[in-house]
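The structure under discussion appears below in the form of structure tokens.
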Amino acid sequence: MSVNKELDLQISKVKKIIDSNPIVQNYLSLRNQIENDQRLNQLHSEIALHQKTMSKNIDKDAIYFQEKTIYEKLYAEYVQDPLIVNFSRAKEELDILLSEIHNVLQ
């Protein structure tokens, strides 16, 4: 077996181990749940719309601040959703795990 094929095989094994880690599994599960949550997707779209409207009206105080109030309310609702809170924590845990893996590989 060539060196490259052996390396590819070992990398594939490491990837499978990482993918089966409970931290990774939890992160992927939560990400999937968020992607399939119609209410959160709609909320995210509304947030983006109000953000865009704020940007377009930066020089029109009345419109800008009206949009900002709506944006802040929707954003607070989004980030306080239990699924988003759990996902944020899972992402932090995943970042730590990936940093540890990175440090081992250096």
Exercise for the section: Evaluate side-chain contact (heavy atoms from CB on, under 4.5 Å) for Ile18 paired with Ile101, printing each intermediate quantity in order. Expected result: CA-CA 9 Å; Ile18 292 170; Ile101 292 168; 3.7 Å; yes

Practice task
Decide yes or no on side-chain contact (heavy atoms from CB on, under 4.5 Å) for Tyr27 and Glu93, but give the supporting numbers first.
Solution key: CA-CA 9 Å; Tyr27 170 85; Glu93 291 175 356; over 6 Å; no

Practice task
Given salt bridge (Lys or Arg N to Asp or Glu O under 4.0 Å), test Glu77 with Arg39 step by step and report yes or no.
Solution key: CA-CA 11 Å; Glu77 182 181 342; Arg39 187 185 67 79; 3.6 Å; yes

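Hydrophobic cluster membership differs between Ile11 and Leu98, with clusters built from Ile, Leu, Val, Met, Phe, Trp and Tyr side chains linked at under 4.5 angstrom. Linking Ile, Leu, Val, Met, Phe, Trp and Tyr residues whenever their side-chain heavy atoms come within less than 4.5 Å places Leu97 and Val14 in a single cluster. Leu94 and Leu105 end up in the same hydrophobic cluster when Ile, Leu, Val, Met, Phe, Trp and Tyr side chains are linked at under 4.5 Å. A continuous path of Ile, Leu, Val, Met, Phe, Trp and Tyr side chains, each step under 4.5 Å between heavy atoms, connects Leu83 with Phe87, placing both in one hydrophobic cluster. Both Ile70 and Phe65 are members of a single hydrophobic cluster when ILVMFWY side chains are connected at heavy-atom separations under 4.5 Å.
A side-chain donor from one of Glu6 and Gln10 sits under 3.5 Å from a side-chain acceptor of the other. Between Asp37 and Asn41, the side chains place no donor N or O within less than 3.5 Å of an acceptor N or O (distance only, hydrogens not considered). Between Gln25 and Ser29, the side chains place no donor N or O within less than 3.5 Å of an acceptor N or O (distance only, hydrogens not considered).
No donor-acceptor pair under 3.5 Å is formed between the side chain of Ser99 and the backbone N or O of Asp95. Looking only at distances, no side-chain donor or acceptor of Ser12 sits under 3.5 Å from a matching main-chain atom of Asp8. Here the side chain of Asn32 pairs no donor or acceptor atom with the backbone of Leu28 at under 3.5 angstrom.
Nearest approach of Ile47 to Tyr71, heavy atoms of both residues: CG2-CE1, 3.4 Å.
Residue Tyr75 qualifies as open at atom OH: its count of foreign heavy atoms under 6.0 Å is 12 or below.
If you take OH on Tyr64 and OG1 on Thr69, they are separated by 10.0 Å, rounding to the nearest 0.5 Å.
Val79 is not listed as a side-chain neighbour of Val85, based on a closest heavy-atom distance of 4.5 Å or more.
With Lys52 as the partner, the side chain to side chain contact (heavy atoms under 4.5 Å, CB included) test is satisfied by one option alone out of His50, Lys56, Met54: Lys56.
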